[in-house]
**Q** 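Sharing a structure with you now.
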Amino acid sequence: MRGRARLLTATAAAALLIGCVAGTASSEPGPGPGPGAGAGVGGDAGAGAGAGKDGERVLVFSKTAGFRHDSIPAGVAAVRQLGAEGGFTVDATEDAGAFTAANLARYDAVVWMSTTGDVLNGEQQRAFEGYIRGGGAYVGVHAAADTEYDWPFYAGLAGAYFQSHSAIQKARVHVEDHAHPATSHLGAGAWERTDEWYNYRSNPRERARVLASLDESSYAGGTMSGDHPIAWCQSNYHGGRSFYTGGGHTKESYAEPEFRRHLLGGIRWAVGAAQADCRPEKGYTSIFDGKAASLLGWKQAGPGSFALNEDDGTLTTVGGMGMLWYERRQLGAYSLKLDWRMRGDDNSGIFVGFPASDDPWSAVNNGYEIQIDATDVPAKTTGSVYGFKSADLKKRDKALNPPGEWNTYEIRVEGERLRVYLNGVKINDFTNTDPARSLRQGHIGIQNHGDADEVSFRDIRVKDLPAARPGAGH
């Protein structure tokens, strides 16, 4: 969809953007091991949005020992439909006997669909713990948080336990992570939807990446003092992946296109068909939040420009070769995070550690570029410190989402040491030894490479870190 737009020239701003959903249905799980794997969470980096690798298999578990949601059949049917469309196999069961090591090893993820109460015995719990520790994945939907209160491992896996709920009503959901496949389809504004909204006994923010939170001023019944996560993920919980969404109480939820995409994105990430940074995140300050006002601290150097789309909060490269740089202040020791997406075989990069200048070549000659271009030579490809050090290409390839999907960089600078994380995975570790350059202080910028290149950016944020000791590379 194209939203309202306005054009960014040297110091000001404009529009454009790009705007699917995508799972075979089946029956009860079989008893024996198969091609899925407890450790089978690796994805196909070449797959498009909604596509799954051959053999991806998901188990939907919906046993209840407490309140039973009448939306469970609709939820199971939705996952089956998503599997038929997206190319992954779906089995469904309410039999806790499916939780054996041999049977769980057949699945890339287990979806707990509004389970309630104590649904597994001790032996079944141990089998599921082993599955997660071996690299398996958990997807919790709604009342999955109202389950297994006496099982500490499950408490950490789910992220938080249910405490109470509101009446069914409309509320505003604030998306905190626009790169995760469960939320990347949602725009920069509030996601308004009707559901029963859970309050939780604890806040998962310290241990999970919060993807979306509730605006408690938009509905009645919120009790979490204004910080109310409603969807989150964990990339490494005792070796496995965990995704939870508090939505899905109502039957109608599973007919909502945006909620279905939200659920699909969580499953795709859980089985490893899409990558995202699910490390906890706190203490960052936004320096571009998708609105024109946040561009007042930025300045265009050189030819070309960037197009601003306020509807989805993106900046997209236009022409080149130039650079949009953050002139408001220089950075010393810091963590820079930003989300980016390529249209196809495109070229861009992030410059760091350069002095203030209206000449983009000053950044090239005095700073360092973290490259975005997955098809160039190793020292000039995605994740490389351009011309100086290649990324670890095996790790890079495993962590990289394909063109059309969002990726997240963390660029961490401490002293003369620069580390690059792609979707939460460290892929480069570089130390500057060139006396003509220094990473200890400088500006940051994003490149618009040329007419044939189209790369989009959003959610640029930075966190200051303690200054490194003088003379220390790391």
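Atom set for the values below is all heavy atoms of this structure, side chains included, hydrogens, waters and symmetry mates excluded.
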**Q** For the backbone of Ala182 and the side chain of His262, can you confirm whether one donor and one acceptor N or O come within less than 3.5 Å of each other?
**A**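 Looks like yes, one N/O pair under 3.5 Å.
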
**Q** Please find the pair of heavy atoms, one from Leu422 and one from Trp340, that lie closest to each other, and give the distance.
**A**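 Closest approach of Leu422 to Trp340: CD1-CZ2, 4.0 Å.
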
**Q** I'd like to know if the side chain of Trp298 and the backbone of Ile287 have a donor-acceptor N/O pair within less than 3.5 Å.
**A**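 Checked: pair present.
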
**Q** Looking at Arg57 and Asp91, is any side-chain nitrogen of the basic one under 4.0 Å from a carboxylate oxygen of the acidic one?
**A**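 Arg57 and Asp91: salt-bridged.
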
**Q** Does any part of the side chain of Ser213, heavy atoms only, come nearer than 4.5 Å to the side chain of Glu176, both counted from C-beta?
**A**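 SC-SC contact between Glu176 and Ser213 confirmed.
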
**Q** Under 3.5 Å, side chain of Asn448 to main-chain N/O of Gly319, donor-acceptor pair present?
**A**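 Looks like yes, one N/O pair under 3.5 Å.
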
**Q** List in chain and number order the residues that pass side chain to side chain contact (heavy atoms under 4.5 Å, CB included) with Asp459, two or more places apart in sequence or in another chain; answer none if no residue qualifies.
**A**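 With sequence neighbours excluded, Asp459 shows a side chain to side chain contact (heavy atoms under 4.5 Å, CB included) to His178, Asp339, Arg461, given in chain and number order.
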
**Q** For Asp434, what residues pass the side chain to side chain contact (heavy atoms under 4.5 Å, CB included) criterion, not counting sequence neighbours?
**A**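 For Asp434 the side chain to side chain contact (heavy atoms under 4.5 Å, CB included) partners, ignoring immediate neighbours, are Tyr368, Asn432, Ala436, Arg437.
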
**Q** Could you give the distance from CD1 (Ile444) to CD (Glu327), rounded to the nearest 0.5 Å?
**A**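 These two atoms lie 12.0 Å from each other.
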
**Q** Is any side-chain heavy atom of Phe288 closer than 4.5 Å to a side-chain heavy atom of Leu324?
**A**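 A side-chain contact under 4.5 Å is absent here.
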
**Q** Do Asn309 and Thr316 make a side-chain contact, defined as non-hydrogen atoms from C-beta onward lying under 4.5 Å apart?
**A**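 Heavy-atom side-chain distance check fails, nothing below 4.5 Å.
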
**Q** Evaluate Leu465 against Val413 for side-chain contact (heavy atoms from CB on, under 4.5 Å), listing each step before the verdict.
**A** CA-CA 9 Å; Leu465 302 175; Val413 175; over 6 Å; no

**Q** Does the plane of the ring in Trp112 sit parallel, tilted or perpendicular to the ring in Trp151? Use 30° and 60° as the thresholds.
**A**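 Correct class here is tilted.
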
**Q** Which residues satisfy the salt bridge (charged side-chain N to carboxylate O under 4.0 Å, His left out) test with Asp464, sequence neighbours excluded?
**A**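 Asp464 satisfies salt bridge (charged side-chain N to carboxylate O under 4.0 Å, His left out) with Arg329 once adjacent residues are dropped.
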
**Q** For residues Glu369 and Gln371, determine if any side-chain heavy atom of one lies less than 4.5 Å from a side-chain heavy atom of the other.
**A**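 The answer is yes, as the side chains (C-beta and beyond) meet within the 4.5 Å cut-off.
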
**Q** Taking all atoms of both residues into account, what is the closest heavy-atom pair of Leu157 and Tyr237, and its distance?
**A**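 Nearest pair, atom of Leu157 first, then Tyr237: N-CZ, 3.4 Å.
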
**Q** Suppose we screen for side chain to side chain contact (heavy atoms under 4.5 Å, CB included). Which residues come up paired with Arg172, at least two apart in sequence or across chains?
**A**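 Per chain and number, Arg172 pairs via side chain to side chain contact (heavy atoms under 4.5 Å, CB included) with Ala190, Glu192, Asp215, Ser217, Ser218.
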
**Q** Students often mix this up, so state it plainly: with edges at 30° and 60°, are the rings of His228 and Tyr200 parallel, tilted or perpendicular?
**A**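 If you compare the ring of His228 with that of Tyr200, the planes turn out perpendicular.
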
**Q** Over all heavy atoms of both residues, which pair between Gly383 and Ile427 is shortest? Give the atoms and the distance, please.
**A**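 In terms of heavy atoms, the two residues are closest at CA-CD1, 3.6 Å.
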
**Q** Identify, with sequence neighbours excluded, every residue that meets salt bridge (charged side-chain N to carboxylate O under 4.0 Å, His left out) alongside Asp358.
**A**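 With sequence neighbours excluded, Asp358 shows a salt bridge (charged side-chain N to carboxylate O under 4.0 Å, His left out) to Lys299, given in chain and number order.
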
**Q** Would Thr408 and Tyr421 count as a side-chain contact (heavy atoms from CB on, under 4.5 Å) if you check the C-alpha gap in whole Å, the side-chain angles of each, and the deciding distance to 0.1 Å?
**A** CA-CA 8 Å; Thr408 299; Tyr421 295 78; over 6 Å; no

**Q** For the atom pair CZ (Arg417) and CZ (Arg440), what is the distance rounded to the nearest 0.5 Å?
**A**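 It is 13.0 Å, given to the nearest 0.5 Å.
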
**Q** Less than 4.5 Å apart, side chain to side chain, heavy atoms only: is that true for Tyr131 and Phe99?
**A**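 In short, these two side chains do not touch, never coming nearer than 4.5 Å.
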
**Q** Sub-3.5 Å donor-acceptor pair from the side chain of Ser348 to the main-chain atoms of Ile372, do we have one?
**A**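 No; zero donor-acceptor contacts below 3.5 Å.
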
**Q** Restricting to non-hydrogen atoms, name the atom on Ala301 and the atom on Ser357 that form the minimum distance, rounded to 0.1 Å.
**A**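 That would be CB-O, 4.1 Å.
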
**Q** Please give me the minimum heavy-atom distance between Arg412 and Ser335, naming the atom from each residue.
**A**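 That would be NH1-CB, 4.0 Å.
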
**Q** If a pair satisfies disulfide (SG to SG under 2.5 Å) and one of its residues is in residues 259-346, list it, with sequence neighbours excluded.
**A**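 Those involving residues 259-346 are Cys233-Cys278.
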
**Q** Treating Asp346 as the side-chain partner and Gly344 as the backbone partner, does any N or O pair qualify as donor plus acceptor under 3.5 Å?
**A**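 Side chain of Asp346 to backbone of Gly344, a donor-acceptor pair under 3.5 Å: yes, one is there.
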
**Q** Could you go step by step and tell me if Ile267 and Phe88 meet the side-chain contact (heavy atoms from CB on, under 4.5 Å) rule?
**A** CA-CA 10 Å; Ile267 295 171; Phe88 57 89; 4.0 Å; yes

**Q** Minimum heavy-atom separation for Arg241 to Ala270, with atom names?
**A**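 Minimum heavy-atom contact is CD-O, 3.8 Å.
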
**Q** Under a plain distance cut-off of 3.5 Å, with no hydrogens placed, do Ser202 and Arg207 share a side-chain donor-acceptor pair?
**A**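 Distance-only check passes for Arg207 and Ser202.
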
**Q** Tell me every residue that passes side chain to side chain contact (heavy atoms under 4.5 Å, CB included) with Glu256, counting only those two or more places apart in sequence or in another chain.
**A**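 Partners of Glu256 by the side chain to side chain contact (heavy atoms under 4.5 Å, CB included) criterion, ordered by chain and then number, come out as Arg193, Ser253, Phe259.
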
**Q** With sequence neighbours excluded, tell me which residues meet ring-ring contact (aromatic ring centres under 6.0 Å, His included) with His238.
**A**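 So His238 forms a ring-ring contact (aromatic ring centres under 6.0 Å, His included) with Phe153.
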
**Q** Rounded to the nearest 0.5 Å, how far does CG of Asn407 lie from CG of Asp277?
**A**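 Result: 11.0 Å between the selected atoms.
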
**Q** For residues 379-390, which residue pairs pass the side chain to side chain donor-acceptor pair (under 3.5 Å) check, not counting sequence neighbours?
**A**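 Qualifying pairs, neighbours excluded: Thr381-Arg396.
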
**Q** Can a donor-acceptor pair be found, under 3.5 Å and without considering hydrogens, that links the side chain of Ser294 to the backbone of Asp289?
**A**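 Checked: pair present.
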
**Q** What's the separation between atom CH2 in Trp406 and atom CG in Asn401, rounded to the nearest 0.5 Å?
**A**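 Atom-to-atom, Trp406:CH2 and Asn401:CG are 12.0 Å apart.
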
**Q** State which residues pass salt bridge (charged side-chain N to carboxylate O under 4.0 Å, His left out) with Arg133; sequence neighbours excluded, sorted by chain then number.
**A**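 Expected list: Glu129.
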
**Q** With sequence neighbours left out, write down each residue that passes salt bridge (charged side-chain N to carboxylate O under 4.0 Å, His left out) with Lys426, or none if nothing qualifies.
**A**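 Salt bridge (charged side-chain N to carboxylate O under 4.0 Å, His left out) check on Lys426 returns Asp429.
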
**Q** CD/Gln275 to CH2/Trp269 distance, rounded to the nearest 0.5 angstrom?
**A**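 Between Gln275 CD and Trp269 CH2, I get 9.0 Å after rounding to 0.5 Å.
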
**Q** With a 3.5 Å distance limit and no angle check, can you tell me whether Arg260 reaches the backbone of Tyr254 through a side-chain donor-acceptor pair?
**A**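 Here the side-chain-to-backbone pair exists.
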
**Q** Do Glu410 and Arg419 sit within salt-bridge range, that is, some charged N less than 4.0 Å from a carboxylate O?
**A**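 No salt bridge links Glu410 with Arg419.
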
**Q** Would you give the length of the straight line joining atom OG1 of Thr100 to atom CZ of Arg106, rounded to the nearest 0.5 angstrom?
**A**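 With rounding to 0.5 Å, OG1 (Thr100) is 9.5 Å from CZ (Arg106).
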
**Q** Not counting sequence neighbours, which residues clear side-chain hydrogen bond (donor to acceptor under 3.5 Å, both in side chains) with Glu258? List them please.
**A**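 Glu258 satisfies side-chain hydrogen bond (donor to acceptor under 3.5 Å, both in side chains) with Trp191 only.
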
**Q** Hey, does Pro181 have a side-chain heavy atom less than 4.5 Å from the side chain of Glu405?
**A**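 Side-chain contact under 4.5 Å: no.
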
**Q** Any side-chain heavy atom of Thr317 sitting closer than 4.5 Å to one from Phe457?
**A**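 Result yes, sub-4.5 Å side-chain heavy-atom pair found.
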
**Q** side-chain contact (heavy atoms from CB on, under 4.5 Å), that's the test. Do Gln447 and Asn347 meet it? Break it down for me.
**A** CA-CA 9 Å; Gln447 182 187 49; Asn347 187 306; 3.7 Å; yes

**Q** Keeping the roles fixed (side chain from Glu416, backbone from Leu439), state whether a donor-acceptor pair exists under 3.5 Å.
**A**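 Confirmed, Glu416 side chain pairs with Leu439 backbone.
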
**Q** Whether the side chain of Arg268 engages the backbone of Ala273 through a donor-acceptor N/O pair (distance < 3.5 Å, no angle test) should be reported.
**A**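 Side chain of Arg268 to backbone of Ala273: a pair is present.
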
**Q** State whether the side chain of His443 and the backbone N or O of Pro355 hold a donor-acceptor pair below 3.5 Å, judged by distance alone.
**A**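 It does not hold such a pair.
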
**Q** When the ring planes of Trp325 and Phe354 are compared, do they come out parallel, tilted or perpendicular, using 30° and 60° as the limits?
**A**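 Plane angle over 60°, so perpendicular.
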
**Q** In the structure I gave you, are the side-chain heavy atoms of Leu214 and Val173 within less than 4.5 Å of one another anywhere?
**A**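 A side-chain contact under 4.5 Å exists here.
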
